[in-house]
Amino acid sequence: MTGNRILITGGSGFIGSNLARKLIHKGYKVRILDNMSPQIHGEDYQKSELYRSIKDIAEIVIGTVCDRQTWINAIKDIDVIVHLAAETGTGQSMYEIEQYTKVNITGTSLLLDILTNEKHSVKKIVIASSRAIYGEGKYHCSEHGDVYPTARLDEDMQVGHFNVKCPICNKDAELMATDEASKIHPTSVYGVTKKTQEELCMLVGRSINIPVVVFRYQNVYGPGQSLKNPYTGILSIFSTRIKNENDINIFEDGKESRDFVFIDDVVDATILGIEKDEANFLCFNVGTGEATDVLTVANTLIEKIGKHVKLHISGNYRLGDIRDNYADLSLIKNKLGFEPKVNFAEGIGGFVDWVESQEIEEDKYEVSIAEMQKKGLYK
Ligand SMILES: NC(=O)c1ccc[n+]([C@@H]2O[C@H](COP(=O)([O-])OP(=O)(O)OC[C@H]3O[C@@H](n4cnc5c(N)ncnc54)[C@H](O)[C@@H]3O)[C@@H](O)[C@H]2O)c1
Ligand SMILES: [Zn+2]
């Protein structure tokens, strides 16, 4: 046990607010550092449901992780830092390069600089990484065994060849579960920032003897996910379109897949990382270990929300997107005893119930796509 005073950066966000509520319930004292980004919380954060869910139970510091003095104030008397604050859109990261680098890398480096050079009480750092660091993840070729394909080529995708190929013989390769020892080679600026963040924290954590625990989350979903942000989370993007009765443009051929992990499981995994010494200086995948394709996601949401919305399988694609990924969970099962409790079929019900209880958000999705198109990143 490392103490019960926890700082959650980005603690007003989706994962952070859910984590804060559970930790407080367990008896921890939680402070939150969050800049209440309008992309997540809207122009008036006082109205943000995420913010309102924690404002009376946690201490809240409003400020940015890009400011040294803000960090110094925020870590005062803190035992464990859970660093979640970040810019999180894969597509958006491909053109907002300076902003993503500044928040995700420089912001983290400020914390490490302070922990190295100033007096403090911090005994552990837990950070949120992402499956984005694996790029395409692990594949198997019948001839060449396990392979780690690089980003798919624009010229292949232009002619509708979306499958991932063996990098040696160029034949279609078979998707495998990605384990933590898989090659780290992100295909997006966001992925590069998360990879660098991991490396910086592990290296400096060792040098100053503060344990670091890294969680590589798969696609997290559930109640509380921002329905305002058109840049992240296909479940919220699709739900907002369905509620507005707007048709859905399915990228590629709809067979691209992700490992969708329910928020409660992500919170539980993260708390194991806070509490267990066995987690120290390790990186863990957090997912369900199952892949669900995008067409299944869209059809399930349409059925559950019950509106007439058409799907257009368009063959459009975004540079930086991966084809498939799902997690190998052996390490987190063995080391921390983590077992996901909610599969996609169960979790999606809880998510839709929550979406139905929300006001209909303005659908800003087309604006976000137009931005990417203008930069040549959406085809
Ligand atoms: N949700 C997912 O599917 C997923 C998957 C993999 C990794 N992650 C990582 O988990 C973490 C939390 O993600 P989330 O889904 O809760 O995102 P979120 O956008 O809901 O929450 C992020 C929070 O950080 C705050 N923030 C943004 N920039 C900040 C800054 N400069 N200073 C202070 N606060 C700032 C935002 O206001 C927001 O409240 C992120 O690091 C993200 O990269 C999320
Ligand atoms: Zn091969």
Side-chain angles (χ1 to χ4, degrees), residues 7-20 32-42 45 48-51 53-54 60-67 70-71 74 82-90 92-93 96 99-100 102-108 110-111 126-134 139-149 164-174 188 190-191 193-194 197-198 214-222 224-229 231-236 258-263 266-267 269-270 285-287 325 327:
L7 171 69
I8 308 177
T9 71
S12 302
F14 169 42
I15 298 174
S17 60
N18 279 283
L19 175 67
I32 282 168
L33 168 61
D34 199 299
N35 72 347
M36 304 306 304
S37 156
Q39 188 165 306
I40 316 298
H41 300 281
Y45 71 80
S48 154
E49 197 178 317
L50 289 176
Y51 171 73
S53 76
I54 37 97
I60 304 202
V61 179
I62 296 193
T64 173
V65 296
C66 300
D67 181 68
T70 301
W71 267 119
V82 183
H83 183 31
L84 305 179
E87 296 286 353
T88 65
T90 307
Q92 192 180 32
S93 78
E96 300 235 340
Q99 175 68 6
Y100 273 70
K102 192 169 79 188
V103 175
N104 298 1
I105 300 178
T106 311
T108 305
L110 273 176
L111 166 65
V126 176
I127 63 165
S129 185
S130 165
R131 58 117 185 112
I133 65 164
Y134 296 120
Y139 280 78
H140 190 83
C141 168
S142 51
E143 210 171 310
H144 299 104
D146 289 347
V147 288
Y148 297 98
V164 171
K165 303 226 160 67
C166 168
I168 305 164
C169 66
N170 216 31
K171 280 198 289 226
D172 279 0
E174 184 198 347
S188 63
Y190 169 69
T193 66
K194 286 287 165 182
Q197 192 181 45
E198 278 193 12
V214 171
F215 287 108
R216 296 171 180 165
Y217 301 135
Q218 292 278 337
N219 286 50
V220 188
Y221 73 101
Q225 182 168 1
S226 175
L227 299 176
K228 290 189 173 65
N229 187 352
Y231 299 96
T232 61
I234 70 162
L235 263 78
S236 46
R258 300 289 185 268
D259 181 339
F260 294 98
V261 56
F262 196 66
I263 182 65
V266 168
V267 166
T270 308
N285 287 337
V286 182
N325 200 271

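Every number for a ligand or one of its atoms is a count from 1 in the order of the listing.
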Contact between [X] and [Y] at the side-chain level, heavy atoms closer than 4.5 Å - yes or no?
{"X": "Tyr217", "Y": "Thr270", "result": "yes"}
{"X": "Cys66", "Y": "Thr106", "result": "no"}
{"X": "Thr9", "Y": "Trp71", "result": "yes"}
{"X": "Lys194", "Y": "Arg216", "result": "no"}

[X] to ligand 1: N or O pair under 3.5 Å?
{"X": "Cys66", "result": "no"}
{"X": "Thr64", "result": "yes"}
{"X": "Asp34", "result": "yes"}
{"X": "Glu87", "result": "no"}
{"X": "His83", "result": "no"}
{"X": "Val103", "result": "no"}
{"X": "His41", "result": "yes"}
{"X": "Leu50", "result": "no"}
{"X": "Leu84", "result": "yes"}
{"X": "Ile40", "result": "no"}

Checking [X] side chain against [Y] main chain: does a donor-acceptor pair fall under 3.5 Å?
{"X": "Asn285", "Y": "Ala327", "value": "no"}
{"X": "Tyr100", "Y": "Gly89", "value": "yes"}
{"X": "Ser188", "Y": "Gly191", "value": "yes"}

Would you say [X] contacts ligand 1, with heavy atoms under 4.0 Å as the rule?
{"X": "Thr88", "value": "yes"}
{"X": "Tyr190", "value": "yes"}
{"X": "Gly63", "value": "yes"}
{"X": "Gln39", "value": "no"}
{"X": "Ser12", "value": "yes"}

Response to the item:
The protein N, O or S atoms lying under 2.8 Å from the Zn ion (ligand 2) are Cys141 SG, His144 ND1, Cys166 SG, Cys169 SG
I need the atoms of ligand 1 closer than 4.0 Å to a non-hydrogen atom of [X], numbered in the order shown.
{"X": "Met36", "answer": "37 (O)"}
{"X": "Asn219", "answer": "3 (O)"}
{"X": "Ala85", "answer": "24 (O), 33 (C), 34 (N), 35 (C)"}
{"X": "Gln218", "answer": "3 (O), 5 (C), 6 (C)"}
{"X": "Ser129", "answer": "6 (C), 7 (C)"}

For [X], salt bridge (charged side-chain N to carboxylate O under 4.0 Å, His left out) partners two or more places apart:
{"X": "Lys102", "value": "none"}
{"X": "Asp146", "value": "Lys138"}
{"X": "Glu87", "value": "none"}

Practice prompt. Out of Val266, Val220, Asn104, Ile234, indicate the one that has the non-hydrogen atom closest to atom 2 (C) of ligand 1.
Written response: Val220
Worksheet item: ring pair (Phe, Tyr, Trp, His ring centres under 6.0 Å) between Tyr221 and Phe262: does it pass, once the steps are laid out?
Response: CA-CA 5 Å; Tyr221 73 101; Phe262 196 66; 5.5 Å; yes
Item to complete: For the pair Gln218 and Val266, evaluate side-chain contact (heavy atoms from CB on, under 4.5 Å) and give the outcome as yes or no after the intermediate values.
Response: CA-CA 9 Å; Gln218 292 278 337; Val266 168; over 6 Å; no
Practice prompt. Give the C-alpha distance, both sets of side-chain angles, the deciding distance and a yes or no for side-chain contact (heavy atoms from CB on, under 4.5 Å) between Cys169 and Cys141.
Written response: CA-CA 9 Å; Cys169 66; Cys141 168; 3.7 Å; yes
Item to complete: Give a yes-or-no answer on whether the side chains of Thr108 and His83 include a donor-acceptor pair shorter than 3.5 Å.
Response: yes
Practice prompt. Would you check, one step at a time, whether the test side-chain contact (heavy atoms from CB on, under 4.5 Å) holds for Asp172 with Lys165?
Written response: CA-CA 4 Å; Asp172 279 0; Lys165 303 226 160 67; 3.6 Å; yes
Worksheet item: What do the steps show when you test Ile263 against Ile15 for side-chain contact (heavy atoms from CB on, under 4.5 Å), and what is the final call?
Response: CA-CA 7 Å; Ile263 182 65; Ile15 298 174; 4.0 Å; yes
